[in-house]
Amino acid sequence: MSSSEISTFTQEDGDGRIATNREPDWYKDAIFYEVYVRGFADGNADGIGDFIGLTEKLPYIKELGVNCIWLLPMYPSPLRDDGYDIADYYNIHPDMGTLGDFEEFLRQAHELDIRVVVDLVVNHTSSECEWFKAARQDPNSPYRDYYVWSDDPTRYSDARIIFLDTETSNWTFDPVAGQHYWHRFFSHQPDLNFENPKVHEELLKVADFWLEKGLDGFRVDAIPYLYEEEGTNCENLPKTHEFCKKLREHVDRKFPGTLLLAEANQWPEDVVEYFGKEGDEFHMCFNFPLMPRMFMSVRREDRKPVEDIILNLPKIPPNAQWCQFLRNHDELSLEMVTDEERDYMYTEYARDPRMKINLGIRRRLFPLMENNRRAIEILHSLLLTLPGSPILYYGDEIGMGDNIYLGDRNGVRTPMQWTGDRNAGFSRSDPSRLYCPVIADPVYGFQGVNVESASRHESSFLNWLKRLIRIRKRYIAFARGEVHFLHPANHRVITYLCIHGDEIMLVINNLSRFSQYVEIDMRDFAGYTPIDVFSSNPFPQIGELPYLVTCGPHGFYWFKLEKG
Ligand code: GLC
Ligand code: CA
């Protein structure tokens, strides 16, 4: 698919339906990049990243090989949960710019054939939202019923508390309203009441507002928690799925080609439900079950965690796609692993108790892996070849560090490091004005770790990753193929085929820090020649005997199998 074939223009046709002529399943071939606008680039020198700054950096994102940006919430908000506490759904946070700045950013992104999806928080609002203010002040206000109130704070007691480190209950008493309100996250984030049809209407209106601007989709936040029901854990309820279908039907009808990506941090059998049995809910779901298991496999030098979880993922509808990631703006969440697996992860990856938060580890990729370049490379080989579309987290492409002395998850949201200059080139403001200090330690500090120096060094991780992305995009089997695991005796090596039509890719990843060899039963492909896609070098032809491959420490191969 060439970029000129995709147009992101939308036009009204006679029926008022908005027609698009873009590829409907573009997300299957996408490489995503998650951007924290406040932390990316400061265009007006006030110490806070904004849309003007981000727009200036679009060529950098383009060059990385990314074709879809996911923006963290950019709405007006008291920022007590970094924007996931929305106060006004119809505007841009003044720190980040104006609606005009956002529209200009979107226009320029589209010009570069980069799509843009933003976070849509539907489960809850900020307590500063006008809807909540009206609700608490007046029991007769139409907004009262936008939220979930009760005189009895013992209702729904089977629902777990998610922010374990800060909250003791899912109910908080509001002295103004004289009642308790329900919240699954921080107590300043009251949950919306989905039993009220007006809430549905309101949220669809919000979606329309942004999609009319030409936005390409939403990452829908915290989707499992929309409804409550006594006697259940209040997650993944049938009514929640009904709302998802309604949202999908709405955007499909009015804005075909719009991507809906679900944040459903759940066990495999529950996540896949969000694709909808008929492929009629979300196009994509984050692969939360896979994420921690990639780290387990690499640390244990054993393919079992990754292989088992993928084999256990139920089949997904043909129009659906997984979205896999190594790190994001949150902690490395360990909610969907066994107690034993969690203990293992804490011991291996969070030696300092400060690294833990709730049920997870708040660290960036490079420090998690102790800066071990080879181990990080093997993780990226998995990320870019396992079934689904990959997502990268800003700053990880240059090996940024974190700051575990900052509160909450702020340590992984520090300013992007562009240069070795003042404020890492992120901002021309007075350094004391920055929304958050830059990383300045001797290992990950901006003086050494920054885009400018990484771009200059041919062997930098950044240049290595760009090349990997370029090659991944060349083979459709990585994006859309079916994965078949091969089971050579050596369990330190994970080997699989990605097959799409007559494109057959063979991937061999050595999870071990030592050299390994594997003997792979490839009889089905006797007569084929594996071509190493990085060098175009042909390897010996496959025959009837086990195919022998040796791998250096954390080495990997991506082969294309060619006949003859
Ligand atoms: C999601 C976000 C997280 C936020 C939470 C509550 O899990 O990823 O950052 O704190 O929702 O909105
Ligand atoms: Ca700014």
Side-chain angles (χ1 to χ4, degrees), residues 34-57 70-75 77-87 92-98 101-102 105 117-127 129 160-167 170 183-192 218-226 235 261-266 285-286 288 291 323 325 327-333 335-336 357-360 362 391 393 407-413 415-416 423 425-430 433-436:
E34 178 184 0
V35 174
Y36 176 52
V37 181
R38 270 160 50 84
F40 203 62
D42 176 11
N44 66 349
D46 66 352
I48 307 168
D50 45 49
F51 279 102
I52 295 178
L54 172 58
T55 308
E56 282 165 13
K57 298 299 184 187
W70 154 31
L71 298 180
L72 262 61
M74 69 299 172
Y75 313 89
S77 156
L79 302 177
R80 294 174 70 193
D81 184 13
D82 235 335
Y84 284 94
D85 47 336
I86 301 179
I92 296 290
H93 195 292
D95 286 353
M96 294 183 228
T98 62
D101 296 342
F102 173 81
F105 155 73
V117 304
V118 305
D119 246 297
L120 181 66
V121 185
V122 296
N123 179 67
H124 48 266
T125 71
S126 160
S127 53
C129 183
R160 69 190 163 117
I161 294 168
I162 297 168
F163 284 168
L164 278 172
D165 290 1
T166 34
E167 301 300 326
N170 287 324
H183 56 85
R184 290 309 299 271
F185 295 92
F186 288 121
S187 57
H188 55 74
Q189 286 166 317
D191 273 34
L192 285 166
F218 296 109
R219 177 256 193 201
V220 189
D221 183 64
I223 201 72
Y225 319 106
L226 305 188
E235 299 187 16
L261 162 60
E263 189 218 17
N265 189 352
Q266 297 288 326
C285 293
F286 287 116
F288 276 99
M291 183 271 293
C323 189
F325 62 104
R327 287 296 52 257
N328 62 18
H329 65 291
D330 285 327
E331 69 275 25
L332 191 170
S333 81
E335 288 164 291
M336 299 307 138
I357 186 173
N358 300 319
L359 280 187
R362 46 175 190 163
I391 187 152
Y393 182 51
D408 201 353
R409 291 147 291 174
N410 298 333
V412 302
R413 303 176 186 177
M416 178 69 177
N423 301 329
F426 160 76
S427 170
R428 283 169 286 109
S429 80
D430 186 321
R433 224 182 140 179
L434 293 188
Y435 77 94
C436 160

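Both counts, for ligands and for their atoms, begin at 1 and track the order of listing. Please read these numbers as outputs of a predicted model, since none were measured by experiment. Just so you know, these numbers use all the heavy atoms, side chains as well, and skip hydrogens, waters and symmetry mates.
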Exercise. Backbone, side chain, both or neither: what part of Arg219 comes under 4.0 angstrom of ligand 1, heavy atoms only?
Worked result: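 Side chain only.
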Exercise. What part of Phe163 sits under 4.0 Å from ligand 1 if we count only heavy atoms: the side chain, the backbone, both or neither?
Worked result: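 Just the side chain.
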Using a cut-off of strictly less than 3.0 Å, determine whether [X] has an N/O/S atom near the Ca ion (ligand 2).
| X | value |
| --- | --- |
| Asp95 | no |
| Ser429 | no |
| Gly97 | no |

Heavy-atom gap [X] to ligand 1 smaller than 4.0 Å:
| X | value |
| --- | --- |
| Arg409 | yes |
| Arg80 | no |
| Val121 | no |

Exercise. Hey, which N, O or S atom on Asp46 ends up closest to the Ca ion (ligand 2)?
Worked result: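 For Asp46, the N, O or S atom at the smallest distance from the Ca ion (ligand 2) is OD1.
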For this session: Write the atom name of the N, O or S atom in Asp50 that is nearest the Ca ion (ligand 2).
Result: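 For Asp50, the N, O or S atom at the smallest distance from the Ca ion (ligand 2) is OD2.
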Problem set entry | Where Tyr84 and Gln189 come nearest, the two heavy atoms and their spacing |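 Heavy atoms of Tyr84 and Gln189 come nearest at O-NE2, 3.2 Å.
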Exercise. Do Asp408 and Arg80 sit within salt-bridge range, that is, some charged N less than 4.0 Å from a carboxylate O?
Worked result: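 Between Arg80 and Asp408 there is no salt bridge, as every charged N stays at least 4.0 Å from the carboxylate O atoms.
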For this session: Over 60° means perpendicular and under 30° means parallel, so classify the ring planes of Phe51 and Phe102, tilted if in between.
Result: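 Geometry flag for Phe51 against Phe102: perpendicular rings.
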Exercise. Where does the angle between the aromatic ring planes of Phe163 and Phe185 fall among parallel (under 30°), tilted (30 to 60°) and perpendicular (over 60°)?
Worked result: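 It falls in the perpendicular class, over 60°.
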Exercise. Do Asn265 and Glu335 meet the criterion of a side-chain donor-acceptor pair at a distance under 3.5 Å?
Worked result: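 Asn265 vs Glu335: donor-acceptor pair found between side chains.
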Exercise. Can you check ring pair (Phe, Tyr, Trp, His ring centres under 6.0 Å) on Phe286 and Phe325, steps first, answer last?
Worked result: CA-CA 8 Å; Phe286 287 116; Phe325 62 104; 5.6 Å; yes
Starting from [atom], what is the nearest protein heavy atom, named by residue and atom, and what distance separates them?
| atom | result |
| --- | --- |
| atom 12 (O) of ligand 1 | His124 NE2, 2.9 Å |
| atom 8 (O) of ligand 1 | Asp330 OD2, 2.5 Å |
| atom 1 (C) of ligand 1 | Asp221 OD1, 2.7 Å |
| atom 10 (O) of ligand 1 | Asp81 OD2, 2.7 Å |

Problem set entry | Stepwise side chain to side chain contact (heavy atoms under 4.5 Å, CB included) check, Arg362 with Asn410 | CA-CA 9 Å; Arg362 46 175 190 163; Asn410 298 333; over 6 Å; no
Exercise. Which value, rounded to 10°, describes the OD1(Asp42)-the Ca ion (ligand 2)-O(Ile48) angle?
Worked result: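 For OD1 of Asp42 and O of Ile48, the angle centred on the Ca ion (ligand 2) reads 80°.
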